[in-house]
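Report on the structure given below.
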Amino acid sequence: MVDSLRAAVVGTGLIGGSILLRLRERGVDVAGWDPDVATRAEGRARGIDFPDAVADAVRDRDVVFLCGPLSSLPETLRTVGALTGPDCVLTDVGSTKGGIAAYAVGHGLTGRFVPGHPMAGTERAGLTAASPALFDGAAWVLCPTAAGLDRFRTLAALLVDVFGARVVPLDPDAHDAAAALASHLPHLLAGTLAATVAEADLRDAALGLAAGSFRDGTRVVGTPAARTVDMLLNNRDQVLAQLDRVRGLLDRYAAALRGGDAAALADLQQRARGLRLALLDRALPAAAPRTFPRTLPHDLPPGAEADGELAYLLSLGAAGGYLTGCAVTDATVTYVAHLPRER
């Protein structure tokens, strides 16, 4: 698959650049494109094919990764969709999925486009910060649909085999709700902590005492502000809903503190500690492989779901599981999945 694959990456910042470098490292014929002239020059200096025109970068490619700023992705999808053939698989890396999935539906692209989101990154930005090892062992969300199921299979196999990622199949709305908790809310809380110290009279004294807890708690504030704002606004409803939950918990902490209620404080902290320990000790054993007929969309009656395959995939991701294998033949597709132990 890798030997004959022709890929392109549109938008080569930290995430797109890391995808580009990993594909090249694994011997894939890959081209990059970025709207920034200096970035294209940097790519060429590294010996990578970086045409000046996006059409030249994506022409005759088998798969194209769309990696620009989140708010630009719908228009990029429309543009690249028009520049590529019907057999070209399209995917993105945006941190919200509901909007781009709906856009794909509205523009007749669900048969070619699989919304995606690699859960990896750093507070740094740009092609110079990119690393081909960024996605090793990372969760990489893909949002399968009945119309695009064969494209999902292609991408899932590619992400496992080339990037060493754990593929998490999720419905777009489920992704956005979970990402608000796991990614977007931490950016807000980190910003709140850093801003509180920045505005304090004892700012410099606090910085002098700051150790690991403060550094870890504020690390993601180093992310470029425009990128964080784009992410938060594109998932506004979900983030606001989770902020309401945070306020409720802060009120419980405050009430326990005012009342000197050590038992209530300990209970809150113990529950939080339990979640942290569960995260650090989250071993998911492999389940028995599941094989399905490789049904294609034109083989299905209207409304059918590929013999339960789509339902299986979406339930796997919703349960906290992931894929580490996707083997496709002319007749079958076999998944290797990992699921959390029953609590």
Side-chain angles (χ1 to χ4, degrees), residues 9-22 32 34-36 38-39 42-43 65-74 76 91-100 115-141 163 165-166 168 175-200 203 206-207 210-243 246 276 279:
V9 180
V10 175
T12 53
L14 172 68
I15 300 299
S18 297
I19 292 173
L20 181 74
L21 294 179
R22 182 56 166 253
D34 196 277
D36 180 63
T39 299
E42 169 68 21
F65 292 85
L66 311 177
C67 307
L70 183 59
S71 57
S72 73
L73 290 176
T76 302
T91 188
D92 77 314
V93 299
S95 58
T96 63
K97 298 276 64 85
I100 192 73
H117 179 203
M119 303 298 294
T122 72
E123 65 275 18
R124 301 171 65 202
L127 180 59
T128 55
S131 167
L134 184 65
F135 310 107
D136 286 340
W140 194 316
V141 174
F163 293 92
R166 298 178 286 116
V168 181
H175 165 273
D176 289 355
L181 286 166
S183 177
H184 306 164
L185 192 61
H187 278 78
L188 274 183
L189 296 178
T192 300
L193 175 58
T196 300
V197 173
E199 296 174 3
R203 170 190 179 276
L207 290 178
S213 58
F214 186 81
R215 290 192 190 96
D216 291 346
T218 58
R219 179 186 63 81
V220 294
V221 177
T223 302
R227 197 164 80 195
T228 300
V229 169
D230 207 10
M231 172 183 71
L232 294 174
L233 289 178
N234 273 278
N235 203 23
R236 174 169 34 195
D237 291 345
Q238 291 289 355
V239 175
L240 286 172
Q242 301 310 328
L243 273 179
V246 170
R276 171 70 176 177
L279 173 64

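Keep in mind that this is a model prediction, so the values were computed, not measured.
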*State, yes or no, whether a side-chain contact exists between Val239 and Arg236 at a heavy-atom distance under 4.5 Å.*
no
Closest heavy-atom pair, Cys67 versus Gly11, reported as atoms and distance to 0.1 Å, is CB-O, 3.2 Å
Residue set satisfying salt bridge (Lys or Arg N to Asp or Glu O under 4.0 Å) with Asp34, at least two apart, ordered chain then number -> none
Exercise. Using the six-membered ring wherever Trp is involved, compare the ring planes of Phe135 and Phe163 and label them parallel, tilted or perpendicular (cut-offs 30° and 60°).
Key: perpendicular
Rounded to the nearest 0.5 angstrom, the CG-CD1 distance for Asp92 and Ile15 is 12.0 Å
d(Thr96 OG1, His175 NE2) to nearest 0.5 Å is 7.5 Å
Separation between CG (Leu232) and CG (Leu185), nearest 0.5 Å, reads 9.5 Å
All heavy atoms of Ala180 vs all of Gln242, minimum pair found to be CB-CG, 4.1 Å
Tightest non-hydrogen contact, residues Lys97 and Pro115, listed as CE-CB, 3.5 Å
Does Thr91 reach the main-chain N or O of Phe65 with its side chain, forming a donor-acceptor pair under 3.5 Å? no
- Message: Using a 3.5 Å distance criterion without hydrogens, assess whether the side chain of Asn235 forms a donor-acceptor pair with backbone atoms of Asp176.
- Response: yes
Separation between NE2 (His187) and OG1 (Thr223), nearest 0.5 Å, reads 4.0 Å
Between Val197 and Ala206 the two heavy atoms that sit nearest each other are CG1-CB, 4.0 Å
Shortest non-hydrogen pair, Met231 vs Ser95, comes out as CG-OG, 3.3 Å
Shortest non-hydrogen pair, Ala139 vs Val168, comes out as CB-CG2, 4.0 Å
Contacts satisfying salt bridge (charged side-chain N to carboxylate O under 4.0 Å, His left out) that involve residues 11-20 (not counting sequence neighbours) are none
Between the NE2 atom in His184 and the CD atom in Gln238, the distance rounded to the nearest 0.5 Å is 10.0 Å
Value for CG (Leu134) from CG (Leu14), rounded to nearest 0.5 Å, stands at 5.5 Å
For Ser72, the side chain to side chain contact (heavy atoms under 4.5 Å, CB included) test, sequence neighbours excluded, returns Pro69, Thr76
